[in-house]
Structures are given as structure tokens and as C-alpha cells.
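Notes for the one structure printed next.
Just so you know, ligand 1 is whichever comes first in the structure, and atom 1 is the first atom listed for that ligand. Only this structure's heavy atoms are used, side chains among them; waters, hydrogens and symmetry mates stay out. By convention here, the first residue in the shown sequence is residue 1. Keep in mind that what you see is a predicted model, and the values were worked out from it rather than measured.
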Amino acid sequence: MRILGIETSCDETGAAVIEGPDQSGRVRILSNVVASSVEIQAKYGGVIPEQAAREQLRSIIPVVSEAIENCNLDAIAVTQGPGLIGSLLVGVETAKALSLIWKKPLIPVNHLLGHFYANWINDTPYSIPSFPCLGLLVSGGHTDLVLFGDHGKYDYLGGTRDDAAGECFDKCARLLGLPYPGGPQLAKLAEKGNPKAFNLPRPMVDSDDFDFSFSGLKTAVVNLTKEKLDVRSGKLPPSNLTPDLAASIQEAIIDVLVTKTVRAAQKHNIDQIIVAGGVAANQELVRKLKVQSEKLKVKLYMPPANLCTDNAAMIAACAAFNYHPLDKPLSLQSNPHLSLSI
Ligand code: KG4
Ligand code: ZN
């Protein structure tokens with residue numbers, strides 16, 4: 001089966017064609033195109049929804065055209081939500097129009113579930129996961145732990161009560177005066193710093209649930225550095241302490257993520273963990289998860305960095321394993337509030 005995936009939940013415009021699943025249970029990428037408006041967002045220090053949607057309107061047809069070149073398609077998959085409504089509308093309405101004209105089945109995909117499916121793509125350097133497995137999603141808008149029993153079948157264990165892990169990376173990076181998108185920049189700076197230099201809180205690390213809270217971490221950094229903050233910009237001027245602060249922030253976020261993930265795997269007697277979402281591109285998170293899972297003899301799966309962040313291949317892959325075409329494609333509505341918790 002060849003599926004065209006379309007992804008426009010945030011500031012990226014993605015289209016990809018995948019083929020599969022094959023006998024080994026993986027899908028293969030035939031094309032994967034992502035157009036990002038990150039340069040414009042960087043200018044303003046974040047995503048301006050209206051502007052992101054306008055850029056997506058401009059790029060959706062060229063991006064889809066490039067992705068489908070010389071491809072015969074069997075179906076179309078599109079991100080239904082969650083995300084920014086203006087952005088989602090661009091992808092969903094385009095997918096509906098293509099489904100109508102080409103007379104192809106249309107499969108709506110939950111973006112959050114889609115992230116996990118990057119682990120079933122053959123660019124991923126590991127064998128594929130089997131069930132049951134524990135899923136950790138760490139993206140810009142979501143931090144969730146779910147227990148998969150099968151494709152598309154999962155129990156929700158917990159998630160963030162406020163900011164997501166990626167959001168915390170981004171907000172702290174902004175405070176440190178780093179350009180958008182802050183997560184990778186903070187991670188880069190952290191390489192040169194001492195993660196033990198600042199004693200930052202690990203919110204909810206000892207709570208006996210699988211929820212997270214990251215909003216207090218930024219406040220803790222503000223309180224710690226109050227005297228040095230520039231009053232007008234609210235940012236810290238660069239100093240030789242900035243790498244230490246970046247490393248300490250990163251370690252606090254990662255400690256909580258790793259501790260809770262490992263605890264969930266132990267509690268549910270799970271020997272496979274799959275990680276997904278933009279923050280899974282963080283090499284220090286990967287390293288710490290590897291150390292812990294080797295200790296526990298748990299097998300760890302995670303996509304390569306380019307498939308951790310938003311892309312349409314994971315959306316098409318999700319549809320290949322959860323093939324539920326709509327009876328009435330034109331009735332599909334974007335849903336900015338879709339979640340994994342039911
Ligand atoms: O999954 P994603 O591309 O978009 C959402 O669905 O939200 O995740 C984007 C998030 C951003 O917060 C970004 O700063 C973060 O992932 N991120 C990272 C790294 N690469 C991306 N955070 C920390 N370290 C990284 N290397
Ligand atoms: Zn995402």
C-alpha cells in the first residue's frame with residue numbers, strides 16, 4: 001500500500017509517501033518533504049499562528065507535488081489534530097480536496113499517535129518494537145506516557161499537567177537569550193556546561209502517578225537569576241555561567257522524564273520502551289535512557305532525529321498500521337484539541 005501523508009499541525013508543512021508495511025512489519029519512505037517557516041518564527045521568537053498558516057497555504061501544493069512525483073497512491077492520511085487550528089485546516093482541507101478529486105480513501109491521524117510510528121519506519125536503525133510496549137512522547141506541546149497493547153490500542157498512563165518538556169526547553173532557552181527554536185540551542189550550549197552547577201527542582205519526580213509538571217522549572221530559573229535578569233527584555237545577558245545553567249536545566253528535565261519512564265516500565269513489567277517527539281532528538285536524553293534501559297534489560301527504540309520532529313512520513317506510517325478510512329471523507333473536521341487521554 002502506498003499512502004500520501006500530510007502534516008500541518010504547527011509551523012511545518014510536510015508531505016510524504018510511504019510504502020508498506022512489508023513482511024518485516026516496517027514501512028519504507030518513498031519521499032519525505034518538509035517545508036519549515038522556522039526562519040520567520042525565529043525573527044519573532046516563536047510561532048505566530050496566523051503567519052504559520054499563511055506560509056503553509058503558500059507551500060502545501062508545492063510540497064505535496066514534490067512528494068507525489070511519479071507515485072501511484074492508494075490512500076491519503078492527514079493530521080486531524082491536535083495543533084493550531086489555522087495550520088490544521090490547511091492540511092485537512094487539502095487532503096479532503098485530493099481525496100475527492102483522486103477518489104482515494106482518506107484516513108485521519110492523531111498527530112500524537114503519529115509521532116510513535118516514526119519507530120516503524122525503515123530509516124530507524126533498530127529492529128521494530130513489538131507489543132506490549134511503553135510509549136514516551138516528548139514534543140513541544142505534549143509529554144505523555146502510554147502503554148501500547150497493539151497498534152492503535154493503548155492505555156493512557158499520565159501526562160503533563162502544564163507545560164510540555166519541549167515547551168520548558170523552549171521557554172528556558174528564551175530566558176537564556178537563545179534564538180528560536182530553543183530546545184536544540186539549549187542542548188548545544190549544555191554540552192559545554194556543568195549539569196551539577198545549579199540545583200534545580202525535579203517537579204513531581206516522586207509523585208506516585210505518571211504525570212509531569214514543567215512550568216515551575218522556568219520560574220525556578222528566573223528566581224535563581226533574578227538579580228542578573230535584564231528588566232526590559234526579561235532575558236539573562238550572556239555570561240560564562242550560561243552553559244552551566246543550560247546544562248542544569250537540561251539535566252532537571254531529563255531526570256524527571258527518565259525516572260518516570262523507567263518507573264512506568266517496572267510497574268507494568270514492560271521490556272520495551274518506544275520514544276517519540278521532537279525532544280527525543282536530544283542526545284543527552286537518549287544517552288540517559290540507554291543507560292537506564294540497559295540496567296533494566298529493557299529494549300529501547302527511538303527514531304533518528306529527522307523523524308523525531310514533525311514530519312508527514314510518521315503520519316502516513318500511522319495510517320498504514322491503523323487503516324480506518326472515513327466513509328464520508330468530506331465530513332472530516334480538524335480538531336485542535338485531540339489528545340491521547342480518552
Ligand atoms: O515533535 P515536535 O517537532 O513538535 C511538536 O509536535 O510539538 O517537537 C518540537 C519540540 C520543540 O519544543 C523543540 O525545542 C524540541 O522539540 N526539540 C528539542 C531538541 N530538538 C527539538 N529539545 C531538546 N533538545 C533537542 N535536541
Ligand atoms: Zn509533533
Check: Would you say ligand 1 has an N or O under 3.5 Å from any N or O of G278?
Finding: yes
Note to self: Under the criterion ring pair (Phe, Tyr, Trp, His ring centres under 6.0 Å), I'd like the reasoning laid out for F210 against Y156: C-alpha separation, chi angles, the key distance, then a yes or no.
What the structure shows: CA-CA 9 Å; F210 296 112; Y156 186 77; over 10 Å; no
Check: Does even one non-hydrogen atom of E12 get within less than 4.0 Å of ligand 1?
Finding: no
Next item on the list: Could you tell me whether R161 and D209 have a side-chain N and a carboxylate O separated by less than 4.0 Å?
Entry: yes
Next item on the list: State if P181 counts as touching ligand 1 under the rule of any non-hydrogen atom under 4.0 Å.
Entry: no
Notebook entry, point to check: Based purely on interatomic distance, does A187 place a nitrogen or oxygen under 3.5 Å from a nitrogen or oxygen of ligand 1?
Noted result: no
Margin query: Check contact between H142 and ligand 1, using heavy atoms of the residue and a distance below 4.0 angstrom.
Written below: no
Next item on the list: Classify the angle between the aromatic ring planes of F212 and F214 as parallel (below 30°), tilted (30 to 60°) or perpendicular (above 60°).
Entry: parallel
Margin query: Looking at E294 and K290, is any side-chain nitrogen of the basic one under 4.0 Å from a carboxylate oxygen of the acidic one?
Written below: no
Note to self: Contact between ligand 1 and C10 is defined here as a heavy atom of the residue under 4.0 Å from a ligand atom; is it met?
What the structure shows: no
Check: About how large, to 10 degrees, is the angle OD1 of D310, then the Zn ion (ligand 2), then NE2 of H115?
Finding: 100°
Notebook entry, point to check: Are any of the N or O atoms of G140 closer than 3.5 Å to those of ligand 1?
Noted result: yes
Notebook entry, point to check: Of the non-hydrogen atoms in S36 and E12, which two are nearest, and what is the gap between them?
Noted result: OG-OE2, 3.6 Å
Checklist line | Closest H111 atom to the Zn ion (ligand 2) [N, O or S only] | finding: NE2
